[in-house]
There are 2 protein chains.
Amino acid sequence: MPGTPRARAREQTLGDITSIGRRHLAEVGAAALSLRAVARELGVVSSAVYRYVANRDELLTLLVVDAYTELGDEVDAAVEAAGPAAVDRFTALAQAVRTWAVREPSRYALLYGSPVPGYAAPAERTTAEGTRVVTLLALIIDGAWRSGELDDTAAPVAATLEPDLRAISDQLSLAVPDRVIAATVQAWSALFGAVSFEVFGQYGRSTFADPAALFDLVADRIAVQLGLRRPGG
Amino acid sequence: MPGTPRARAREQTLGDITSIGRRHLAEVGAAALSLRAVARELGVVSSAVYRYVANRDELLTLLVVDAYTELGDEVDAAVEAAGPAAVDRFTALAQAVRTWAVREPSRYALLYGSPVPGYAAPAERTTAEGTRVVTLLALIIDGAWRSGELDDTAAPVAATLEPDLRAISDQLSLAVPDRVIAATVQAWSALFGAVSFEVFGQYGRSTFADPAALFDLVADRIAVQLGLRRPGG
DNA sequence: AGAAGTCAAGAGCAGTGCTCTCATAAGTTG
DNA sequence: CAACTTATGAGAGCACTGCTCTTGACTTCT
């Protein structure tokens, strides 16, 4: 529907490059992602793709945004489908993240793994999509805080940390209490650690009968540690 | 002291290759680590290093073991220097891991980041060194369990998880209760998540006034979640 | 001294990212 | 409709990578 046929053709080709890149990423990983291979599969000589993508890094950026968007959409949908209780929403978020990560290990690694050397995702193109999940997590915790679904037995946040916590909430464009930010940081890093452990195979060579249950164990405990409980509980 | 002068010269050259590789790893990362660059710096033609190292992967393995060893030594020393209380030992372990990771981000990424595509560390050469820290963590928790420094208020482990937890303790060659293994998994993944977040810059572009304090916040809460308390507390 | 083992050098293959020039096809304007 | 401008793809080429193979020299052991 947009503009000239040439512009539409360009959009189409760019989409093809992205989807081929996505498949290659899944197969060989970010570090071995090759523009030439993408060009080959596109049926075009290598220099031609440089008409669409400035360099390999920009292709990576395209894939980063693409992955963040898909993850964000799936997590949004899962949390939406969960009930209104904060515990359920947190659990849905955790499981949706894990499910996506297990299904798309290379893309998860691109987003949350060790940074690709020499490549830094340009903030202006990735932060918006990249902070969706953690922002949602903060909102869930904030909701629990407001509705009284969060135990207030946890120790208060030390004053020296306030500036740093404020920096994080600025980053997320959120106006929530320090306590909520602290809980979010804690939950997000623990969740992220559990997912990374499974996806990156830090459990060693052992294969597990029920890795999802193992993850749920950790996720449950994170919820407990957060102090989340059911509305009437 | 060992054997023939030729063997000693070989050992020396291998050490040189490792230390040059370690420096290159820090500068360009694992994926961009180049055998030719190492050879250049060694003052030798590229094919010559293949006399010492079968291929690039083996150089990576050398560096993996090297890194695991250094990390393990530092953590051991820190835990040893801490008092006998389980809380102190856990805190010392957490801070030692973070300190090393912050100082050696590339090597941390090599060990605990996204796997290098096409490279899998050979288990027979890396598991021994690679499980030192997590084994020590399990021993700390087990000690707390035995000495009564671990609150037993946490929910018991579901029966369906027992086989998988058993698999983990087998991997670590430890004979400790399922409860201890579950707590170890939880603590280790949370700790690992917190360190990775800081090292891999998942906090975004914001620079923090006191990242160590931010980490301590999370580490403290992990200790609380574990149920660790002081001997007489 | 001769045999066996070890080592470095160099050439070469196939692949990479990226830049350049050139011809052609596609749209845009007079 | 013709002329101009732009977008696009092809091809050659540079410097780099991992890795293999052959060749010649050197060291060590018998």
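Letters A, B, ... mirror the listed sequences (proteins, then strands); counts begin at 1.
Proximity of the aromatic rings of A/Phe215 and A/Phe197 is defined here by a centroid distance below 6.0 angstrom, and this criterion is not met.
Rounded to an integer number of Å, the gap from A/Leu35 CG to C/dC18 P is 6 Å. D/dC19 atom P lies 7 Å from atom CZ of B/Arg56, rounded to whole Å. Here D/dT8 presents its P atom at 14 Å from CZ of A/Arg8, a figure rounded to the nearest Å. Residue A/Leu42 contributes atom CG, which lies 11 Å from atom C1' of D/dG9 at whole-angstrom precision. In this entry the distance linking CG of B/Leu14 with P of C/dA8 reads 11 Å, nearest Å. Here the P atom of nucleotide C/dA26 and the CD atom of A/Gln12 are 17 Å apart, to the nearest Å. In this structure, the OH atom of B/Tyr52 is 10 Å from the P atom of C/dA9, given to the nearest Å. Rounded to an integer number of Å, the gap from A/Tyr50 OH to D/dG13 P is 18 Å.
To the nearest 0.5 Å, the span separating CD on B/Glu104 from CG on B/Leu71 amounts to 10.0 Å.
For A/Val45, whose side chain is taken as the heavy atoms from C-beta onward, the closest listed nucleotide among C/dC7, D/dG11, C/dT16 is D/dG11.
For the 3.5 Å distance criterion, the side chains of A/Ser196 and A/Tyr108 qualify, holding a donor opposite an acceptor.
Between A/Arg51 and A/Arg40, it is A/Arg40 whose nearest contact on DNA chain C lies nearer the 5' terminus.
Here B/Ser34 reaches the OP1 or OP2 of D/dG18: one of its side-chain N or O atoms lies under 4.0 Å away.
Using a 4.0 Å cut-off between a side-chain N of Lys or Arg and a carboxylate O of Asp or Glu, A/Asp66 and A/Arg107 qualify as a salt bridge. Salt-bridge annotation for B/Arg132 and B/Glu129: present, with a side-chain N of the basic residue lying under 4.0 Å from a carboxylate O of the acidic one.
For a distance-only test at 3.5 Å, the side chain of B/Ser47 qualifies as a donor-acceptor partner of the base of C/dA9. Between the side chain of A/Arg36 and the base of C/dG17 there is at least one donor-acceptor pair of N/O atoms closer than 3.5 Å.
Looking at heavy-atom distances under 4.0 Å, B/Leu33 makes contact with sugar-phosphate atoms alone, never a base.
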